[in-house]
Amino acid sequence: MPELPEVETIRSGLDARLRGRRIVGIEIRERRLRRRIDVAELRGLVGRRVEGVSRRAKYLIVDVGEGTGWLMHLGMSGRLLLLQSGAPTGAHEHVRAEFEGRVTLCYRDPRRFGLMRVGRIEEFTELHGLGPEPLARGLAATLACRLRTTRRDVKAALLDQRLVAGIGNIYANEILFRAGVRPTRRCFRLSAAEIREIAGATGAVLRDAVRRRGTSFSDYFDSDGIPGTFQEVLAVFDRAGEPCRRCGATIKRRAHGGRSSFYCPGCQR
DNA sequence: ATATGCACCTGTGTGC
DNA sequence: TGCACACAGGTGCATA
């Protein structure tokens with residue numbers, strides 16, 4: 001479910017509410033996520049104080065000091081919700097953390113594709129192979145150099161977290177629409193101008209999506225239970241058969257590498 | 001290097 | 001109303 005803009009929205013909500021608070025309890029109801037939760041590891045959070053909540057690609061890191069962090073990935077269906085202590089247990093609620101000040105953080109994840117662990121932040125191997133953040137400086141140069149050398153489809157490249165980290169299926173499609181490039185184009189055949197377009201579109205789309213607090217087309221909500229609004233301005237994603245807002249052509253959908261690609265045959269070459 | 005298929009899970013929507 | 005099936009925002013592995 002959540003890509004960079006959704007995770008960033010959740011991060012800012014958690015950071016605002018949890019920073020400085022001590023964790024006073026951890027409850028684990030289901031350990032079988034993508035990786036089994038290590039109960040002892042997670043219990044080690046009790047008594048620690050939150051120094052801040054950061055994000056790397058689609059991962060959240062709750063910094064509890066001394067180089068230690070609580071790493072979370074929401075997979076396809078994970079949600080984090082801030083509630084008052086004593087709130088009733090929701091469906092598929094697998095973990096609950098209790099903080100000072102009667103604040104509770106609930107982790108719900110119907111499909112259980114998420115991931116959660118506690119350890120030294122620099123030792124989180126999940127973060128080691130990740131490519132650069134797409135909203136950091138120098139994206140155009142990074143893409144220019146990394147796209148030129150590969151023969152794959154440009155959409156597959158944007159989804160490859162080792163190449164650039166944080167883009168998922170919604171935003172890959174939206175970025176390529178904005179850049180005017182079809183998802184099936186091969187990277188090494190893109191012109192320098194097209195790569196610049198893709199870099200510019202990446203920044204523009206992701207920044208806009210963060211500003212709009214993410215895309216809620218079915219079941220994404222932030223840590224206060226509020227939906228985002230980027231679904232109101234989606235150009236192609238989930239719009240197969242509908243008219244392009246720019247040129248009026250019919251938006252097409254095609255399966256590629258097991259995932260759906262959406263594009264406008266009029267605006268994208 | 002890259003592409004494909006599958007596996008991990010549950011929920012939802014569709015067509016019969 | 002029930003049932004079968006396709007599909008979903010992600011990642012990782014095994015195989016060609």
- Between dT2(B), dG12(C), dG9(C), spot the one nearest the side chain of Arg151(A), thanks. dT2(B)
- Message: Need one value for Ser260(A): base, sugar-phosphate or nothing, where a base atom within 4.0 Å counts as base even if backbone is also close, heavy atoms only.
- Response: sugar-phosphate
- Message: Among Arg117(A), His73(A), Gln161(A), exactly one meets side chain to side chain contact (heavy atoms under 4.5 Å, CB included) together with Glu126(A). Which residue is that?
- Response: Arg117(A)
Name the pairs: protein N/O against N/O of nucleotides 9-11 of chain B, kept only if under 3.5 Å.
from: dC9(B); atom 1: O2; to: Arg111(A); atom 2: NE; distance (Å): 2.7
from: dC9(B); atom 1: N3; to: Arg111(A); atom 2: NH2; distance (Å): 3.3
from: dT10(B); atom 1: O4'; to: Pro110(A); atom 2: O; distance (Å): 3.4
from: dT10(B); atom 1: O3'; to: His92(A); atom 2: NE2; distance (Å): 3.4
from: dG11(B); atom 1: OP1; to: His92(A); atom 2: NE2; distance (Å): 2.6

- Item | Worked check of side-chain hydrogen bond (donor to acceptor under 3.5 Å, both in side chains) between Arg102(A) and Ser85(A) | CA-CA 5 Å; Arg102(A) 300 193 48 75; Ser85(A) 297; 4.5 Å; no
- Phe99(A) ring centre to Arg21(A) NZ or CZ under 6.0 Å, with the angle to the axis within 45°? no
- Message: Say we look at dC3(C) and dC8(B): how far apart would their C1' atoms be, to the nearest angstrom?
- Response: 24 Å
- Query: Atom CE of Met76(A) to atom C1' of dT11(C): distance rounded to whole Å?
  - Reply: 10 Å
- Task: Mind calculating the distance between CZ (Arg36(A)) and P (dG12(C)) to the nearest angstrom?
- Result: 19 Å
- Message: Applying a 4.0 Å non-hydrogen cut-off, can you work out what Glu6(A) is touching in the nucleic acid: base, sugar-phosphate, or nothing?
- Response: nothing
- Query: So what does Asp219(A) hit on the nucleic acid, given a heavy-atom distance under 4.0 Å: a base, only sugar-phosphate, or nothing?
  - Reply: base
- Does the side chain of Lys58(A) get closer than 4.0 angstrom to OP1 or OP2 of dG10(C) through an N or O atom? yes
- Item | Residue pair Ile26(A) / Val39(A), side-chain heavy-atom distance below 4.5 Å | no
- Query: Which nucleotide sits closest to the side chain of Arg34(A): dA8(C), dT11(C), dT2(B)?
  - Reply: dT11(C)
- Apply side-chain hydrogen bond (donor to acceptor under 3.5 Å, both in side chains) to Asp109(A) and Ser77(A), showing your working. CA-CA 5 Å; Asp109(A) 187 0; Ser77(A) 59; 2.6 Å; yes
- Is Tyr171(A) touching bases, backbone alone, or none of the nucleic acid, heavy atoms closer than 4.0 Å? nothing
- Name all stems that contain residues of DNA chain C, defined as runs of 3 or more consecutive Watson-Crick or G-U wobble pairs, both distances under 3.5 Å. B:2-8 with C:10-16, B:10-16 with C:2-8
- Message: Can you tell me which nucleotide in dA8(C), dT11(C), dT2(B) comes closest to the side chain of His73(A)?
- Response: dT11(C)
- Query: To the nearest angstrom, how far is Leu71(A) atom CG from dT11(C) atom P?
  - Reply: 12 Å
- Message: Closest approach to the side chain of Arg253(A), judged atom by atom: which nucleotide of dT2(B), dC7(C), dG9(C) is it?
- Response: dC7(C)
- Touch class at under 4.0 angstrom, heavy-atom based, for Asp153(A) against every strand present: sugar-phosphate
- Has Arg259(A) got a side-chain N or O lying under 4.0 Å from the OP1 or OP2 atom of dG9(C)? yes
- Item | Side-chain heavy atoms of Glu30(A) within contact of Arg112(A), under 4.5 Å | yes
- Separation of dG10(C) atom C1' from Leu74(A) atom CG, nearest Å, is 11 Å
- Could you measure between the two C1' atoms, the one in dA3(B) and the one in dG9(C), and give it in whole Å? 23 Å
- Query: Are any non-hydrogen side-chain atoms of Asp63(A) and Val53(A) less than 4.5 angstrom apart?
  - Reply: no
- Query: Got Leu80(A) and Leu74(A) here, is their nearest side-chain heavy-atom distance under 4.5 Å?
  - Reply: yes
